[in-house]
Amino acid sequence: MSKEELNPFKIAQSQFDTAAELVNMDKAARAIMREPLRVLEVQVPVRMDSGEVRVFKGFRVQHNDARGPTKGGIRFHPEETLDTVKALSMWMTWKTSVADIPYGGAKGGVICNPKEMSKRELEQLSRNYIRAIGRFIGPEKDIPAPDVYTDPQIMAWMMDEYSHLVGYNAPGVITGKPIEVGGSLGRGDATALGGMYNIREAAKFLKMDLKKASVAVQGFGNAGHFAATLMKKMFGSKIVAISDSKSGVYNPDGLDVDEAVKYKEKNGQLAGFPGGQKVSNEELLELKVDILIPAAIENQLRKDNASKVNAKMIAELANGPTTPEADKILKEKGVFLIPDFLCNSGGVTVSYFEWVQNLYSYYWSEEEVHEKLDAKMTKAFHDVLDTYQKFGGKVNMREAANIVSIQRVETAMRIRGWF
Ligand code: NAD
């Protein structure tokens with residue numbers, strides 16, 4: 001058996017190639033979109049608490065800005081690679097395009113282990129990274145946000161450093177900030193909530209009664225725990241399985257998600273939660289459920305386990321949980337899949353709302369944010385569903401979403417005269 005391709009940038013390019021082929025896209029447009037427009041690699045020196053100066057490597061990649069300034073998170077991770085950042089920047093272009101917000105795509109990262117760094121060291125790393133990429137970003141150029149192991153505090157330091165660099169207050173340079181310095185209400189659960197609106201629309205299309213639906217959620221972090229909570233709260237669905245990196249819990253009669261949240265807060269893990277029987281992450285993916293929500297990490301559904309999936313609908317809150325080979329298998333099995341960059345685009349959409357509020361210095365209520373998010377997500381889902389139906393079974397929802405997004409970017413590039 002040949003080894004499955006797991007390099008994220010190669011996967012991103014292969015997904016793009018498939019969609020470009022389906023719509024017979026112009027050759028020059030393909031060449032532009034297969035690669036990032038700009039890649040910046042920087043050295044970030046930090047004086048550690050020991051007195052030693054360590055030099056960290058950082059990246060900022062801007063994939064495409066035809067539809068507007070680029071947008072995408074910054075990750076602090078020991079295993080960060082340029083290829084991961086490039087892939088994520090491309091996926092951001094498709095995500096902002098499919099959600100139809102006026103942005104392109106970007107991503108940033110620093111190779112470091114924030115878990116081993118003091119707060120002071122992290123602050124210096126954040127500020128020095130912004131100094132290194134300062135001329136590359138800006139409210140009208142490229143707007144970062146939090147991602148793996150970066151948080152609102154880090155965004156506040158970065159916004160402050162950028163404001164010092166340019167000499168005025170520039171909250172719109174970065175999103176995901178604390179509320180006190182220009183953050184938006186409703187950002188905390190925006191990714192999961194955006195996923196809920198997608199699931200609601202998908203269920204209408206599939207004629208699935210969400211009140212009677214059983215749900216398994218892989219991952220119990222920001223995206224996963226809100227997803228489990230909201231499925232119950234908004235639709236009355238039955239959450240039968242949840243998991244974190246260490247282990248999971250399964251109860252066919254339903255789990256008490258609120259209790260699980262409290263348990264995880266208290267114990268730092270789900271292992272030992274008394275509401276059901278133990279289930280591994282692998283087993284969770286194969287449970288007979290109506291809806292499976294991968295909300296943990298990438299490459300969870302692969303060619304070796306995709307055929308064992310027993311869900312009717314997969315709603316990908318995680319980025320890249322399904323490999324291209326698994327996609328083919330799921331398509332043949334007739335599983336309805338809401339692809340990651342559509343399903344989890346609620347986060348970037350509320351980031352966009354934050355930026356809009358920063359630019360006109362007028363802040364919305366949480367209800368307003370939810371209302372606007374619902375409208376955006378519902379429209380995005382139906383734009384993709386229309387394309388899916390137009391191709392009459394020839395494409396899956398991921399390919400349909402790719403078609404919608406790459407065609408919007410192609411149109412913008414054509415109108416701007418790029419090819
Ligand atoms: P998080 O760090 O808060 O949570 C991740 C969860 O996954 C944790 O519960 C962790 O224990 C679990 N996990 C880690 N490795 C696992 C494994 N091998 N098997 C099962 N579970 C595992 O992260 P998050 O913000 O919830 O992000 C989760 C996914 O959603 C990521 O793919 C992320 O890119 C994507 N996402 C998140 C947001 C957001 O706003 N938080 C937005 C878009 C996409």
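Keep in mind that the numbers below use all heavy atoms, side chains included, and drop hydrogens, waters and symmetry copies.
- Look at Arg54 and Glu121 and you find no salt bridge, because none of the NZ, NE, NH1 or NH2 atoms lies under 4.0 Å from a carboxylate O.
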### Task
Could you walk me through whether Arg200 and Thr378 pass side-chain contact (heavy atoms from CB on, under 4.5 Å), step by step?
CA-CA 9 Å; Arg200 182 192 64 201; Thr378 302; 3.0 Å; yes

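- A centroid separation of 6.0 Å or more is found between the aromatic rings of Phe205 and Phe381.
- With salt bridges taken as basic N to acidic carboxylate O contacts below 4.0 Å, one links Asp383 and Arg408.
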### Task
Decide side-chain contact (heavy atoms from CB on, under 4.5 Å) for Thr96 and Tyr352; before the verdict, give the C-alpha distance in whole Å, the side-chain angles of both, and the deciding distance to 0.1 Å.
CA-CA 9 Å; Thr96 55; Tyr352 160 61; over 6 Å; no

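- Asp26 has no carboxylate O lying under 4.0 Å from a charged side-chain N of Arg414, or vice versa, which leaves the two without a salt bridge.
- Listed by first then second residue, pairs satisfying side-chain hydrogen bond (donor to acceptor under 3.5 Å, both in side chains) with a partner in residues 34-46 read Gln13-Glu35, Asp17-Arg34, Arg38-Gln62, Arg38-Asp65, Glu41-Lys57, not counting sequence neighbours.
- When only modelled atom types and interatomic distance are considered, Tyr162 and Asn169 share no side-chain donor-acceptor pair under 3.5 Å.
- Residues Tyr149 and Lys115 bring a donor and an acceptor atom of their side chains to less than 3.5 Å of each other.
- Within a 6.0 Å sphere centred on NZ of Lys10, heavy atoms belonging to other residues, nucleotides or ligands number 12 at most.
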### Task
Would you sort out whether Arg302 and Asp304 count as a salt bridge (charged side-chain N to carboxylate O under 4.0 Å, His left out), showing the intermediate values?
CA-CA 5 Å; Arg302 301 169 303 269; Asp304 56 289; 3.0 Å; yes

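- The number of heavy atoms from other shown groups lying within 6.0 Å of NZ (Lys333) is above 12.
- Under a cutoff of 6.0 Å and an axis angle of 45°, Lys264 and Phe220 do not form a cation-pi pair.
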### Residue pair Phe56, Phe76: steps toward the ring pair (Phe, Tyr, Trp, His ring centres under 6.0 Å) verdict
CA-CA 10 Å; Phe56 296 90; Phe76 284 178; 8.9 Å; no

